[in-house]
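Presented below is the structure to which this report refers.
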There are 2 protein chains.
Amino acid sequence: MAGIKDVAARAGVSMATASRALTGHPSVSDAARAAVRAAADELGYRANGVARSLRTRRTRILGLVVPDVLNPFFTELARAVEEEARALGYSVIIGNADDRPEQLDHQLRSLLERRTDGLLVAPADDPSAELLRRTARSGTPLVFVDRWIAGAPGVPVVRADGRAAVRALVRHLHRLGRRRIAVITGPAATATGRERLDAFRGALGELGLPPRPELIGHGDFRAESGRRETARLLSLPRHSRPDAVFAADNLMALGALDAIRAAGLRVPAGIALAAFDDIPWFAHLDPPLTAIAQPTAELGRAAVRALADRIEGRPAASVTLDARLVARASCGEPGGARGGGTGRLGNVRRCDDGAERRERESGS
Amino acid sequence: MAGIKDVAARAGVSMATASRALTGHPSVSDAARAAVRAAADELGYRANGVARSLRTRRTRILGLVVPDVLNPFFTELARAVEEEARALGYSVIIGNADDRPEQLDHQLRSLLERRTDGLLVAPADDPSAELLRRTARSGTPLVFVDRWIAGAPGVPVVRADGRAAVRALVRHLHRLGRRRIAVITGPAATATGRERLDAFRGALGELGLPPRPELIGHGDFRAESGRRETARLLSLPRHSRPDAVFAADNLMALGALDAIRAAGLRVPAGIALAAFDDIPWFAHLDPPLTAIAQPTAELGRAAVRALADRIEGRPAASVTLDARLVARASCGEPGGARGGGTGRLGNVRRCDDGAERRERESGS
DNA sequence: CTGAAAGCGCTTACAG
DNA sequence: CTGAAAGCGCTTACAG
């Protein structure tokens, strides 16, 4: 493959001039620039990014570590991240932690070794997140997205605050007559898992509903845990069985649907179901599923912008957006037993929330 | 950040010995190896992969270019690719072509510049796929996955042959009394789009059903085209309106569902619907959707293995797997008007097809 | 088993 | 505006 030396030779200039012409350096004569460009075209020259990176100490690659690429939320997030990164001139390497702490470390090490210019991470707060904390302290440009961990001061966090939406959801269920509302939580090790559970409990309290430990299912953001915990909830003695289930993410909601169907129950007649994280398919489930929607793509874009700020030496800001409730038929009423899916794709929203909120605090 | 020079100094050996100790070269004394390892640990040394790549001319990065990352088929494919790649010691950069030829070129250029060791591409056969063809000829290790293009001889193709499954689907519809079967195709520029349409037409012919041009909707594998074409089909004069729609991918099926719902029709009573590409949510749609399932993860793994073969100088083989029909309720009967979703997650399969087939032909 | 030295392909002060 | 030269951080023949 032709190198810059070949291009320079063909254009009859030095490597230095060839390099300047190709990288758009201003002080190159028009004649030289034209000759170099022509030579490069003729040779089909493509700069060796590895050599360039070694010299410039920048790879223009961003690392993104997500807990589970198959989770539609993270898929959409990754897509938005890639798009915004591309717009800013970066490529993205996605690392899938597969919800395993050692995988997170593996991905982190791999990304660090590749000298990505910066890292976007949605971590679980595991004691073994030591490497992540060290990375944060080491000065590697780092931004947390969706989730964050303690012990990493100065790292901007880009996330959606789901508390108001969870509160709206619980009130929605209450208004529709549900009183024994169960929740299937995410891992206590995740910031989002804790936040959703806290908001849920708080909302219950506000409505004067007693806390019922047996109605809390401990899931892990994966479908199987949703199925398992829902099955358990449905096998409770009749008087303590829930009349509604709130799954703290979309995959657990899928599992919950499985369990509900296996038990021969109907939604919402037999039991209400709602999920955190909205996806296009929810409008077409049987019945259309009530869910809390995050501004996922905007989260991804904001995270990339914050990271680029960090990398390029500008002050980076944390960003908090709001999630919102999309009420469909799975808890009763909205849209009726049928329906709930009219109009434009994925746009069947009845929002119970306020406007989007952004809070910008200067990062360090 | 500590470099190998620092490690060598601390261990009291030369850079050469330090390098050998760290990369596991056999001819290093145990004492030196231990000293180097200790020094590396103490300094928190992490090799600079950029420098290593420049020297070894290998990046251990694979490029994967998919037409649309948001399409669950490609998401699952990408996940399997990343997993298998990691097992073989590679990272993966995913490029999203976003179904735009110029984006494909952009991603290709970016990946080539980064000197990825090899490329996995699911291309659209556009005239402008010239860069891709040139890349194939240039000797860059390349494997096509899912889709392929003409004019790239010697490039292994890893894909599923959907023809038998499409045929099984058409017979399934026919057995259930459907006679005016419409199809919403993918772009004629894609190998998969053409194959599915050809198989569909062939199957119609075998059953003695006349071809009806007005029942062919030209889609682009995106949801909106499925909606639009289905709306058009449903607005045909009553006597030529279809009694079944086959969407050639899952996103167009989503759009079709939208249009059907907007028209106030029920599935399958008002119209039957089936899709190419199965996803977990299909079992929970209203009604559960009959679909053709590809062995997506296996496709991804096989593609990576073929590419690794190429990269590492072994002969690479094309691989063809079979897709299979998963009959649920959306065309009538199986599982009844309700149901169709029992048992394990995404495993509600009634297969009308034979065993998996693999065809290995030695690549060049 | 070990070390000195070359070199991977670029970019960029430095001097002119 | 241009060129000669150094250097990014490694690995690896080569010689010992």
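Proteins come first, then strands; the chains are lettered A, B, ... in the order of their sequence lines, and each starts at number 1. Remember, it's a predicted structure, so these values are computed and weren't measured experimentally.
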For T23(A) and for D30(B), find the nucleotide of DNA chain C with the closest heavy atom, then tell me which residue's nucleotide is more 5'. D30(B)
DNA chain C: 5'-proximal contact among R33(B) and R55(B) (nearest heavy atom): R33(B)
Whole Å only: how far is the [atom1] atom of [X] from the [atom2] atom of [N]?
X: I4(A); N: dG3(D); atom1: CD1; atom2: P; result: 12 Å
X: L54(B); N: dG7(C); atom1: CG; atom2: P; result: 14 Å
X: M1(A); N: dC8(C); atom1: CE; atom2: C1'; result: 15 Å
X: K5(A); N: dT11(C); atom1: NZ; atom2: C1'; result: 15 Å
X: R114(B); N: dG9(C); atom1: CZ; atom2: P; result: 18 Å
X: H25(A); N: dA13(C); atom1: NE2; atom2: C1'; result: 11 Å
X: L43(A); N: dG9(C); atom1: CG; atom2: P; result: 15 Å
X: L22(B); N: dC10(D); atom1: CG; atom2: P; result: 9 Å

side-chain hydrogen bond (donor to acceptor under 3.5 Å, both in side chains) between S91(B) and S110(A), intermediate numbers included: CA-CA 8 Å; S91(B) 294; S110(A) 164; 3.3 Å; yes
Please give the distance between the C1' atoms of dG16(C) and dT12(C) as a whole number of Å. 16 Å
Given 3.5 Å as the limit, does a donor-acceptor pair link the side chain of [X] with the main chain of [Y], or not?
X: T116(B); Y: I61(B); answer: no
X: R109(A); Y: L131(A); answer: no
X: T17(B); Y: V13(B); answer: no

Mate of dA4(D) where both pairing distances stay under 3.5 Å, Watson-Crick or G-U: none
With both distances under 3.5 Å as the test, what is the Watson-Crick or G-U wobble partner of dA13(D)? none
Does [X] put a side-chain nitrogen or oxygen below 4.0 Å from OP1 or OP2 of [N]?
X: R57(A); N: dC8(D); value: no
X: Y45(A); N: dG9(C); value: no
X: T17(B); N: dG3(C); value: yes
X: S29(B); N: dC1(C); value: no

Give the nucleotide from the list dG9(C), dA4(C), dT2(D) with an atom nearest to the side chain of A16(B). dA4(C)
Side-chain atoms of A51(B) come closest, of dT11(D), dG9(D), dT2(C), to dG9(D)
Residues A129(A) and A124(A): closest non-hydrogen pair is CB-O, 4.2 Å
Please figure out whether A2(B) or M15(A) has its closest DNA chain D nucleotide nearer the 5' end. M15(A)
Hey, is the side chain of R20(A) pairing donor to acceptor with the base of dG3(D) inside 3.5 Å? yes
By the 4.0 Å heavy-atom rule, please label T56(A) as base, sugar-phosphate, or nothing. sugar-phosphate
Nearest-0.5 Å distance that lies between atom CZ in F73(A) and atom CG in D68(A): 12.0 Å
